[in-house]
Amino acid sequence: MDYQFKDIEQKWQQFWAQNNTFKAEDKSAKPKYYVLDMFPYPSGAGLHVGHPLGYIASDIFARYKRLKGFNVLHPMGYDSFGLPAEQYAIQTGQHPAVTTEENIATYRRQLDQIGFSFDWSREVRTSSPDYYKWTQWIFMQLFNSWYNKDADKAESIAKLIEHFEQNGSTGINAVCDEEILSFTAAEWKAMSNQDQQAELLKYRLTYLRESTVNWCPALGTVLANDEVKDGFSERGGYPVEQKKMMQWSMRITAYAERLLQGLDTIDWPDPLKEMQRNWIGKSTGASVKFRISDFGFENSDKSEIENPKSEFIEVFTTRVDTIFGVTFVVIAPEHELVASLTTPEQKADIDAYIAVTKKKSELDRMADAKTVSGAFTGSYVLNPLNGQQIPIWIADYVLAGYGTGAVMAVPSGDQRDYLFAKHFDLPIVQILDTQKIDTEADPTKEGTYINSEFMNGLYYKAGTAAVIAKLEEVGAGKAKINFRMRDAIFGRQRYWGEPVPVYFKDGLPHLIEESHLPLLLPEVDKYLPTESGEPPLGRAENWKHAEGEYELSTMPGWAGSSWYWYRYMDAKNDNEFASREAIEYWKDVDLYIGGSEHATGHLLYSRFWNKFLKDIGKVVEEEPFKKLINQGMIQGRSNFVYRLIDEEGRGTNTFVSHGLIKEYKTSPLHVDVNIVENEVMNISKFKQWRPEFADAEFILENGKYICGVEVEKMSKRYYNVVNPDDIAQRYGADTLRMYEMFLGPLEQSKPWNTNGIEGVFKFLRKFWRLFHNDAWEFSVSGAEPSKAELKSLHKIIRKVEEDIERFSFNTSVSSFMIAVNELTDLKCNNRAILQDMVIILSSYAPHICEELWTLLGNPAGTLSYAPFPKFNSAYLIEDDFAYPISINGKMKMNLNIPLSLEIKEIEETVLANPDVQKYLDGKAPKKVIVVKGRIVNMVV
Ligand code: ANZ
């Protein structure tokens, strides 16, 4: 029979499903291998051909590992909470659970059609209560933990309370809020429960705090920084503004150093690691305290100034060695000391400036490095090392949330400080370095020179270490490491997410009982905020904890995806998020494949939660994903038609073929790529495509309408979306799988181009042909394989093994084609050879291989666990050598001669060869030189 891919694929997909072929064993004597895909958000649009790229690669790898004798865990699920379903619900009133369910069904159908070897018995859905029960449970563990810097790990709050009861707050070295209280054990015990709880909240790993957030009024929610692009929401493109709100936060900063160090232990792409390093943003420097001087208040009415909150302004600097060049200090407009430092004379200026700043987002503030703005507070600080008076300014280039929100400005060292000094006419002091000792004042240089020395009256440039030592001595500073990373906001004012398992009593949060988990998402009448501006959960009726009000915000999109790989290990467990046994067996993900867009979101949060779960003894590995690969994007390949423009500049209903557009005035228009084949448009389909084209006319080339082409993002908007369903229908899943790999290296972005798919389809048919005679009857021979056949086979065994191990899937596809061509030329129909070929090809094209495996007479069942053929280098040893034959030093030809022949025999073979005789023209050579295995040279 000819290659009937439809029947074959359907048959095997059913077989795999019915027999749970890919169910991973919970316990096994085999070594484990965990291949994970980033699970999809099931959107309404379904999959396009770009989505399965990574899934196909991981599936090939998973199938290959099974053949190699591993117990493979290769699961799939859905990240099914999220904004789009909710937006749709708002528009249509449809419950997000219903649309999510429908979308999941579509995804599942599409995935099944591609023949993935997923273990569906372990499917997870983040929006299902038996899953989010454990997301809530992890939240509770975080709430019940604090970070002990001395132990460098999270510990239980109970342990912290114990310490407070015995020793008060002394001896605690925690990652916590800045304003913590100092107290004795007695004072702690004397505190009301309310005050104790308020204090503990400052230590918890998930905690409430007022923070400036990206508020998106149109979406009615707070967005993470990476969900905002240029002041608009990434999804939907709605305006985003800055707003202060009480928010749940996650103390990810506690893990900053470990998140950084861990990167050195994992096999991830370097650019991705670099993005995480930048995001974590470790800076080594110093914090310096500048005493606030009352100089500025002398001429004004001090009584109007509220009691200064602090005697110092603390700055963070990475260049403490420039401390003698400080000519002003700048604090962020939001800095808590602004009000107390502002003199009455300066108040109007400062207020006006703060009003302007409020309108700018942090990103704008950082991006806007060129325009200088700021205002003088009227107050001064003293340089701790030379007592100089230094004015205090506010400016929005200093960010409130970074370092201490205050900088010592050094115009001679820092570009922004320099521009600021020039603009406001502030002094610029050059710092003398060792080479400049003798040139006290260099008139060619701007500003005043100052010696940077403070020891022994000698003129040195003070080095960082010396300055820090001096600052420590006078109690004005110390070495400090600062991280750019901030704690992560963990709340959304939205409906379709995990409820936070917390209720409020007397203004403080309390966890619900663990036995009450999951805290179910309640029903609401509308998915919109309440009239009083509360999140949608505020609409739920009779949704109340016995002791107080439930938290109304839900968890952010990243909650459910920050631990899901553990759930797959033991997806049905009702008592634990996964059993100890399962976690100790599967440990971590060996190979993770997914898009690079998750570089600093999902992949950072997951590492954070993993480290936390390790600290509390629930998991065993410090890093969750040992190896990670980012697949490239598949871009769309758009087609264009060219509308003729008439004399008045109006568009007509006539379309000019691409090759002729130079001769006319036209304007391009996207056309559906599905009605174009090899750039030739199907005119009648075009007429049906849209009513306005029903009587379109065409200016053709050679009777055809040829379209233009461009590579763009694959998007509905460009009519260039190719649906894998169509490809699978037309060519089959095996062709689709191989073709997606054939497009190019996995990590690279590349345009989808259906033009080449025929070639892959023909290859599979040719492969099928090897097993069949001319009448398309299955027919293989039991004869001994020939050397040439064995050579072809072992070449491909080695190649495919090497390729898969280094994730080079595209190169294998071309090698398969070469191998099948070779075997076809050899007229190979040898069972032994073909059976091994079937196994090798099966991870790429599993359906056809399963069918041939059965036809070959193997016992009923699957080849998924057959042993991968063993490579034997002996078959590749060459028997012949193509000797170059030279006459009088000139190379004339190559001659294949068995390597086993000795010099005399080689000489005889050469001389007997009719072609050589032609060259010799009947003459006998004077001399024949034979170098065995190298060359034959004759002198005539
Ligand atoms: C004095 C100095 C002199 C500085 C010099 C730099 C160059 P990174 O590497 O990013 O950590 N800075 C500190 N806090 C800031 C804030 N909240 N907003 C804006 N800028 C801030 O950079 C640390 C440097 O950035 C610090 O070192 C400080 O300026 C500034 F020649 O202090 B420097």
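As the structure lists them, so they are numbered: ligands from 1, and atoms in each ligand from 1.
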| Distance-only N or O hit between ligand 1 and A400, under 3.5 Å |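 It does not: no N or O of A400 is found under 3.5 Å from an N or O of ligand 1.
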| ligand 1 N/O within reach of S283 N/O, cut-off under 3.5 Å |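 Right, the criterion is met.
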| request: Scan K282, R277, K153 and name whichever one has a salt bridge (Lys or Arg N to Asp or Glu O under 4.0 Å) with E257. | output: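 Single salt bridge (Lys or Arg N to Asp or Glu O under 4.0 Å) partner of E257 among K282, R277, K153: K282.
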| What distance separates R258 CZ from K614 NZ, expressed to the nearest 0.5 Å? |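 Answer for the CZ-NZ pair, R258 versus K614, is 6.5 Å.
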| request: If you have a sec, work out which protein heavy atom is nearest atom 19 (C) of ligand 1 and how many Å separate them, to one decimal? | output: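 Of every protein heavy atom, Y397 O, 3.4 Å lies nearest to atom 19 (C) of ligand 1.
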| query | Which heavy atom of the protein is the closest neighbour of atom 28 (C) of ligand 1, given with residue, atom name and distance? | reply |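 Residue, atom and distance for the closest contact: F316 O, 3.6 Å.
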| query | Within 45 degrees of the axis of the six-membered ring of Y207 and under 6.0 Å from its centre: does R251 put its NZ or CZ there? | reply |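 Flagged: R251 positioned over aromatic ring of Y207.
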| task | Kindly confirm or rule out a cation-pi arrangement of K611 over Y255, judged by NZ or CZ under 6.0 Å from the six-membered ring centre and within 45° of its axis? | result |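 K611 over Y255 ring: no.
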| task | Please report the shortest heavy-atom distance between L259 and R607, naming the atom on each side. | result |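 In this case the closest contact between L259 and R607 is O-NH2, 2.7 Å.
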| field | Set of side chain to side chain contact (heavy atoms under 4.5 Å, CB included) partners for A198, sequence neighbours left out | value |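 A198 satisfies side chain to side chain contact (heavy atoms under 4.5 Å, CB included) with L508 once adjacent residues are dropped.
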Nearest neighbour of [atom] from the list [options], on a heavy-atom basis:
atom: atom 25 (O) of ligand 1; options: H335, R416, K282, R484; result: R416
atom: atom 21 (C) of ligand 1; options: T318, D414, V315, V407; result: V407
atom: atom 4 (C) of ligand 1; options: T317, V320, L399; result: T317
atom: atom 3 (C) of ligand 1; options: N482, T322, D396, V330; result: T322

| With a cut-off of 4.0 Å, which atoms of ligand 1 are near a heavy atom of M408? |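 The atoms of ligand 1 under 4.0 Å from a heavy atom of M408 are 1 (C), 32 (O).
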| Per-atom contacts, ligand 1 versus V398 - under 4.0 Å to a heavy atom |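 Close to V398: 16 (C), 17 (N), 18 (N), 19 (C).
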| query | Can you say whether the rings of F420 and F424 are parallel (under 30°), tilted (30 to 60°) or perpendicular (over 60°)? | reply |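 It falls in the tilted class, 30° to 60°.
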